[in-house]
Number of protein chains: 2
Amino acid sequence: MNQSDQKSEAILDAALPVFVRHGFRKTSMTDIARAAGMSRAALYLSFSSKEELFRAGSARAHARAMRKVEAALAGDGDVFSRIEMAIAAFQRELIAPFAGSGDAAELFETNMALSRDVTLAARAELVALLAQALTNALATGAITLDALHATPVDVAAIIIAAMEGIKDAQVAGHDLLEDTRLFLRLLRKALSR
Amino acid sequence: MNQSDQKSEAILDAALPVFVRHGFRKTSMTDIARAAGMSRAALYLSFSSKEELFRAGSARAHARAMRKVEAALAGDGDVFSRIEMAIAAFQRELIAPFAGSGDAAELFETNMALSRDVTLAARAELVALLAQALTNALATGAITLDALHATPVDVAAIIIAAMEGIKDAQVAGHDLLEDTRLFLRLLRKALSR
DNA sequence: AGACGGTTAGACATTGATTGTCCATCTGTC
DNA sequence: GACAGATGGACAATCAATGTCTAACCGTCT
């Protein structure tokens with residue numbers, strides 16, 4: 001990692017809590033520069049706009065999240081617990097940091113407006129990874145999809161769709177972890193032979 | 001309390017957490033109107049400016065605080081515990097609500113800029129009330145000021161000054177309650193015969 | 001029904017803040 | 001001394017917020 005990347009990382013580290021505190025719109029480049037301990041001019045040396053800075057932060061968070069997800073799926077335990085770990089990792093990296101923010105909804109919205117590509121790509125990769133794990137489990141007979149008339153990809157897509165719905169409900173006051181665990185119990189039951 | 005006052009009260013109740021969350025500058029009348037569940041136009045029917053709204057909130061908080069302070073000083077216990085209760089009440093009403101805000105310093109600053117009169121009047125009244133309590137305690141022989149060469153008013157003023165300093169330190173990361181209690185132990189020791 | 005007070009969304013000019021750019025200047029390193 | 005990077009300040013352009021106003025709306029009263 002070169003010096004310029006290190007600086008960018010430090011800026012993103014400093015910017016995250018500011019965005020969490022005030023949301024995207026109410027966060028100014030002056031705020032971020034102050035939090036990063038540099039001048040506004042120096043900030044523009046690393047990121048040419050507030051939008052680009054946000055996109056970089058989103059991209060980094062998604063990349064991190066996917067690394068954690070891959071590690072979780074490569075871990076120990078049965079399919080279900082590995083999927084649970086993977087989803088927990090995904091949420092920990094991409095949702096939990098904003099859970100406490102009064103502007104969580106605005107931030108997710110901004111993310112979809114500015115980083116739609118990265119976000120959708122990560123979601124697609126997550127589906128693919130879960131589908132792969134399910135396919136493996138199917139091959140070893142650990143699960144069955146007979147009663148569901150569905151492919152592993154279908155099931156993986158449903159899991160992610162449910163996660164999205166639970167995320168949105170959380171913005172409206174629901175408990176992310178609790179709802180997630182309930183859904184995974186449901187999943188375990190549905191896929192058991 | 002007439003209908004218009006009730007509305008104003010509701011607005012101030014709604015506005016407080018918004019100010020706490022975003023500070024004075026980053027809070028817009030639109031934010032407050034939304035929090036109060038009304039249109040911006042209706043908000044201006046009750047308060048003719050953001051500054052006036054803030055002043056009204058400050059005035060209400062100070063009035064409330066002084067009522068609690070008077071009640072505390074009229075309560076049971078020795079002078080010290082009554083003073084402790086009074087100061088605790090003052091802090092609970094006027095400082096604690098902002099303790100969690102990242103913009104606490106800006107809010108206190110804004111308060112001094114917009115509501116200096118009310119703030120100083122409340123502080124002066126607090127000094128007078130404490131001085132009165134000390135004078136009574138002096139008359140009953142519960143405390144002595146001989147070694148201090150000071151009047152009750154002097155001592156009351158020092159107490160308030162210390163409270164102010166402790167408040168500012170709290171903004172810088174200190175613990176308000178802990179520091180306050182330490183100071184009051186110190187006071188008890190210094191005034192005992 | 002009509003008059004009424006209170007509310008609303010929206011438009012509006014004005015002011016103020018933010019953005020992104022630029023430059024002269026400074027600082028530490030080679 | 002040359003160099004790269006950082007700084008504060010200035011800048012025009014854009015955007016947001018303030019405070020004001022109006023036409024329309026709604027429930028209440030008569």
Side-chain angles (χ1 to χ4, degrees), chain A residues 1-58 101-103 105-107 109-111 113-115, chain B residues 1-58 101-103 105-107 109-111 113-115:
Chain A
M1 176 147 61
N2 66 41
Q3 221 158 341
S4 158
D5 284 347
Q6 264 182 298
K7 182 135 307 199
S8 297
E9 292 289 311
I11 290 170
L12 295 181
D13 288 339
L16 178 58
V18 185
F19 281 131
V20 167
R21 182 156 213 84
H22 290 118
F24 180 78
R25 209 181 54 84
K26 289 206 180 211
T27 295
S28 71
M29 290 298 262
T30 303
D31 292 335
I32 296 173
R34 191 185 311 128
M38 64 178 61
S39 67
R40 210 164 58 88
L43 189 53
Y44 275 97
L45 291 181
S46 293
F47 299 99
S48 65
S49 76
K50 183 169 139 185
E51 300 199 349
E52 189 195 310
L53 190 156
F54 186 94
R55 275 195 299 270
S58 179
S101 171
D103 303 281
E106 186 234 10
L107 286 166
E109 208 176 315
T110 302
N111 180 63
L114 302 183
S115 306
Chain B
M1 176 148 63
N2 66 42
Q3 220 157 342
S4 158
D5 283 348
Q6 264 182 300
K7 182 134 305 198
S8 297
E9 292 289 310
I11 291 170
L12 296 181
D13 288 339
L16 178 59
V18 184
F19 280 132
V20 167
R21 180 155 215 86
H22 294 298
F24 181 77
R25 209 181 54 86
K26 289 207 180 210
T27 295
S28 70
M29 291 299 262
T30 302
D31 293 334
I32 297 172
R34 191 184 313 129
M38 64 179 58
S39 67
R40 212 164 57 87
L43 190 52
Y44 276 96
L45 291 180
S46 292
F47 298 99
S48 66
S49 77
K50 185 169 136 185
E51 301 200 348
E52 188 195 309
L53 189 155
F54 186 93
R55 274 195 299 270
S58 180
S101 172
D103 303 281
E106 186 233 10
L107 287 165
E109 208 175 316
T110 301
N111 179 64
L114 301 183
S115 306

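First the proteins, then the strands, lettered A, B, ... as listed; each starts at 1. Note that the coordinates shown come from a computational prediction; the quantities given were computed from them, not determined experimentally.
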(request) Give the rounded distance in Å between these two atoms: CZ of B/Arg34 and C1' of D/dA16. (result) 13 Å

(request) Could you state the atom-to-atom distance from NZ of A/Lys50 to C1' of D/dT14 in whole Å? (result) 13 Å

(request) Give the rounded distance in Å between these two atoms: CE of B/Met38 and P of C/dG5. (result) 20 Å

(request) Please tell me if the side chains of A/Lys26 and B/Asp31 come closer than 4.5 Å, counting only heavy atoms from C-beta onward. (result) yes

(message) From C-beta outward on A/Ala41, which listed nucleotide comes closest to its side chain: C/dT18, D/dG8, C/dA9?
(response) D/dG8

(request) Measure the distance from CG on B/Leu43 to P on C/dA9 and round it to the nearest whole Å. (result) 13 Å

(message) On DNA chain D, compare the nucleotides closest to A/Arg25 and A/Gly37; which residue's is nearer the 5' end?
(response) A/Gly37

(request) Would you kindly compare B/Arg40 and A/Thr30 by the position of their nearest DNA chain C nucleotide and give the one closer to the 5′ end? (result) B/Arg40

(request) Could you state the atom-to-atom distance from CG of A/Leu45 to P of C/dT21 in whole Å? (result) 11 Å

(message) What is the distance, to the nearest angstrom, from the CZ atom on A/Phe24 to the P atom on D/dC15?
(response) 13 Å

(request) Quick one: closest heavy-atom pair of B/Ala36 and B/Ala14, and the distance? (result) CA-CB, 3.6 Å

(request) Determine whether A/Phe54 and A/Ile32 make a side-chain contact, defined as any pair of heavy atoms from C-beta on separated by less than 4.5 Å. (result) no

(request) Five pairs at each end of the helix from C/dA1-D/dT30 to C/dC30-D/dG1: take the axis at both ends and give me the angle between them to 10°. (result) 20°

(message) Can you give me the closest heavy-atom contact between B/Lys7 and B/Ser46, atom names plus distance?
(response) CG-OG, 3.8 Å

(message) Pair B/Phe24, B/Glu109 - check side chain to side chain contact (heavy atoms under 4.5 Å, CB included), show working.
(response) CA-CA 10 Å; B/Phe24 181 77; B/Glu109 208 175 316; over 6 Å; no

(request) For B/Phe19 and B/Asp103, run side chain to side chain contact (heavy atoms under 4.5 Å, CB included): C-alpha distance rounded to whole Å, both residues' side-chain angles, the deciding distance at 0.1 Å, then the answer. (result) CA-CA 9 Å; B/Phe19 280 132; B/Asp103 303 281; over 6 Å; no

(request) Let me know the distance between CZ of A/Phe54 and P of C/dT19, rounded to the nearest Å. (result) 14 Å

(request) Check whether any side-chain N or O of A/Lys7 sits under 4.0 Å from OP1 or OP2 of D/dA6, and answer yes or no. (result) yes

(message) Among D/dT7, C/dT18, D/dG19, which nucleotide has an atom closest to any side-chain atom of A/Ser39?
(response) D/dT7

(request) Rounded off to whole Å, could you give me the CD-to-C1' distance for the A/Glu106 and D/dA16 pair? (result) 14 Å

(request) Choose from D/dT7, C/dT8, D/dT20 the nucleotide whose nearest atom is closest to any side-chain atom of B/Tyr44. (result) D/dT20

(request) For residues A/Arg25 and A/Lys50, report the shortest heavy-atom separation together with the two atoms involved. (result) O-NZ, 3.5 Å

